[in-house]
Enquirer: 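Below you'll find the structure I mean.
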Number of protein chains: 2
Amino acid sequence: MRGPGRPRSDQARDAILDAAFQLLEENGLERFTIEGVAARSGTAKTTIYRWWPGKGALAMEALLAHAELTVPIPHTASAVADLRTVLDGIARSFAGATGRVVASIVLAGQNDPATLKVYHEKVVEPRRQRLRDIIERGKRNGEFRADLHVETLVEAMYGALYTRLLIRFSPLDEPGWMDRHINQLLEGALPRPLCSQGA
Amino acid sequence: MRGPGRPRSDQARDAILDAAFQLLEENGLERFTIEGVAARSGTAKTTIYRWWPGKGALAMEALLAHAELTVPIPHTASAVADLRTVLDGIARSFAGATGRVVASIVLAGQNDPATLKVYHEKVVEPRRQRLRDIIERGKRNGEFRADLHVETLVEAMYGALYTRLLIRFSPLDEPGWMDRHINQLLEGALPRPLCSQGA
DNA sequence: CCATTTCGCTATGGTCCGTTTCGTAAGTGT
DNA sequence: ACACTTACGAAACGGACCATAGCGAAATGG
């Protein structure tokens, strides 16, 4: 089914994507350069330009090909515990090399809507959907309020992760952080009147 | 008290900062160039390099000089209402030109820790402190739980704003969004047993 | 063997960086 | 008035990188 001609070199392709990922985690996307990728991968610049339209697309594919973006989908009896598992997994991956690359991609997207769109479809949406599923299950369980607005909760949980990644209020691997965050999101801020004694 | 020599031209300074802010909101920081600023401001590149070490610092100062980052500090009887006011103000400013510039700054900060540090000190921390104050007041009022972890709530609220700004899950000016978000953060996700009837 | 396609190499013109040089403008002290 | 000091504007520089093009060599299918 493949037509005539020299086939594309998978070796070159892999070398390019590997080099791209390495350079992204070393320097971030600001100093990420096609020529740098060519040099480190041992390939020619022209080969890169033949297959990728620009640095945004290349960085994106390097991320998708290389990152451990596939957190396992837990499904235990407790929706809260599953939530914790998923969010912990994301936090761990954000705290490492993948996090820096993700940050580069997201921020590159500010001036490259196409790249940001792909990131949405390939990374953000699937993950959000996973959270949604878990929360819906929790609502059916009775673990969560029946009138809970799922999107809002998803946004709050995801938002904290991305904010720590990008703005760096505080480190992503601060011990106990995620537990505290989840607990408070679930419990809310308003005082809970005790049933045994009115307030 | 001013030594000898030609004094610095405030006119040139203002022209540079204005031009920088304009170009930031037009193109974002990716295509933000010192030479572009020089051209639009009608000054020379050397003048810019005399006073600013690089594009990060210039962009930062342009933001600080130009943006309406000073949201008024409300202080009514209700801490919840004040919270709403402050967050609404930030959301509005993020939804406009300032938001795009802020996004650029954060982007620049990923590879320019010094700039990100200044952003923290000059913008992030003061705003966070304002939120903290309001929440503490709410705790004293009894509007909030006494054992509320203030930092976590601040992070959740701020986080949603930055995430909408940078990741663009959904628009910052979506009607009713902020109210829903605040309400749910305050009320939590767990079911609230009615006092009159046990569960 | 030949057509086709990719690969690596070597330019090319262009933009922007960050710096330097140089002549000129605008203040200070004596 | 005069020297001194500092900032401004214009021009040019080497360097990095972009995006593209031309070329010969390599690798496949027919």
Side-chain angles (χ1 to χ4, degrees), chain A residues 1-20 22-24 26-62 104-105 107-112 114-115, chain B residues 1-20 22-24 26-62 104-105 107-112 114-115:
Chain A
M1 270 308 99
R2 195 179 69 241
R6 177 178 179 172
R8 175 174 184 179
S9 161
D10 280 343
Q11 185 205 326
R13 196 191 105 101
D14 294 347
I16 290 170
L17 290 177
D18 283 354
Q22 284 175 26
L23 291 171
L24 277 174
E26 285 171 23
N27 301 325
L29 191 121
E30 187 86 352
R31 278 170 294 188
F32 178 76
T33 141
I34 300 279
E35 296 195 331
V37 175
R40 172 154 322 183
S41 66
T43 63
K45 215 174 22 159
T46 43
T47 305
I48 299 178
Y49 276 108
R50 187 185 309 276
W51 299 106
W52 290 277
K55 59 201 284 183
L58 174 55
M60 187 54 142
E61 195 167 332
S104 293
I105 300 285
L107 293 166
Q110 300 304 310
N111 291 298
D112 183 354
T115 296
Chain B
M1 271 309 97
R2 195 180 66 244
R6 175 178 181 173
R8 175 173 183 181
S9 162
D10 280 343
Q11 186 205 325
R13 197 190 103 101
D14 293 347
I16 290 170
L17 290 177
D18 283 355
Q22 284 175 27
L23 291 171
L24 277 175
E26 286 172 23
N27 302 325
L29 190 118
E30 188 86 352
R31 278 170 297 186
F32 178 76
T33 143
I34 300 278
E35 296 195 329
V37 175
R40 173 156 320 184
S41 66
T43 63
K45 213 173 27 157
T46 43
T47 304
I48 299 178
Y49 276 108
R50 189 187 306 276
W51 299 106
W52 290 277
K55 59 202 284 184
L58 175 55
M60 189 65 197
E61 195 166 333
S104 294
I105 299 288
L107 161 61
Q110 299 302 309
N111 290 298
D112 182 354
T115 296

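In what follows, every chain begins at residue 1, and chains take the letters A, B, ... in the order their sequences are listed. Atom set for the values below is all heavy atoms of this structure, side chains included, hydrogens, waters and symmetry mates excluded.
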Enquirer: For residues B/I16 and B/T43, report the shortest heavy-atom separation together with the two atoms involved.
Expert: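 Heavy atoms only, the tightest pair is CG1-OG1, 3.6 Å.
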Enquirer: How many angstroms lie between atom OG1 of B/T33 and atom CZ of B/R40, to the nearest 0.5 angstrom?
Expert: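 With rounding to 0.5 Å, OG1 (B/T33) is 11.5 Å from CZ (B/R40).
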Enquirer: Round to a whole Å and report the spacing from CZ of B/R40 to P of C/dC16.
Expert: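 Roughly 13 Å, once rounded to whole Å.
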Enquirer: Please list residues of residues 41-54 of chain A whose heavy atoms come under 4.0 Å from any atom in DNA chain C, ordered by number; otherwise none.
Expert: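 Within this stretch, A/T43, A/A44, A/T46, A/T47, A/R50, A/W51 sit under 4.0 Å of the strand.
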Enquirer: For B/R31 and D/dC18, give me the distance from atom CZ to atom P, rounded to whole Å.
Expert: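 B/R31 atom CZ is separated from D/dC18 atom P by 16 Å.
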Enquirer: Is B/R8 side chain donor-acceptor paired with the D/dA7 base, going by distance under 3.5 Å alone?
Expert: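 No.
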Enquirer: Rounded to whole angstrom units, what separation is found between the CD atom of A/E35 and the C1' atom of D/dG15?
Expert: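 To the nearest whole Å, that distance equals 11 Å.
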Enquirer: If you assign each of B/K55 and A/G5 to its closest nucleotide in DNA chain C, which residue comes earlier from the 5' end?
Expert: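 Closer to the 5' end of DNA chain C: A/G5.
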Enquirer: May I have the distance from A/E30 (atom CD) to D/dC18 (atom P), rounded to whole angstrom?
Expert: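 These atoms are roughly 12 Å apart.
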Enquirer: Sort out for me which residue in A/W51, A/Y49, A/F32 forms a side chain to side chain contact (heavy atoms under 4.5 Å, CB included) with A/L58.
Expert: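 When A/W51, A/Y49, A/F32 are each tested with A/L58, the side chain to side chain contact (heavy atoms under 4.5 Å, CB included) holds only for A/F32.
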Enquirer: To the nearest 0.5 Å, what is the distance between CG (A/L107) and CG (B/L29)?
Expert: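 That separation rounds to 10.5 Å.
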Enquirer: Nearest whole Å is fine: how far is D/dC18 C1' from A/F32 CZ?
Expert: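 Distance, rounded to whole Å: 13 Å.
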Enquirer: So which heavy atom on B/A62 is nearest to which on B/A20, and how close?
Expert: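 Heavy atoms of B/A62 and B/A20 come nearest at CB-CB, 3.8 Å.
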Enquirer: Between atom CZ in B/R6 and atom C1' in D/dT6, what is the gap in whole Å?
Expert: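 Those two atoms, CZ and C1', are 9 Å apart.
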Enquirer: Please report, rounded to the nearest Å, how far the P atom of C/dC7 is from the CD1 atom of A/I16.
Expert: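 The distance from CD1 of A/I16 to P of C/dC7 comes to 8 Å, rounded to the nearest Å.
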Enquirer: Find the distance A/I34:CD1 to D/dC17:P and express it as a whole number of Å.
Expert: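 Roughly 11 Å, once rounded to whole Å.
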Enquirer: Flag the pair A/E61 / A/R13 as yes when at least one side-chain heavy-atom distance between them is below 4.5 Å, and no otherwise.
Expert: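 The answer is yes; the side chains approach within 4.5 Å.
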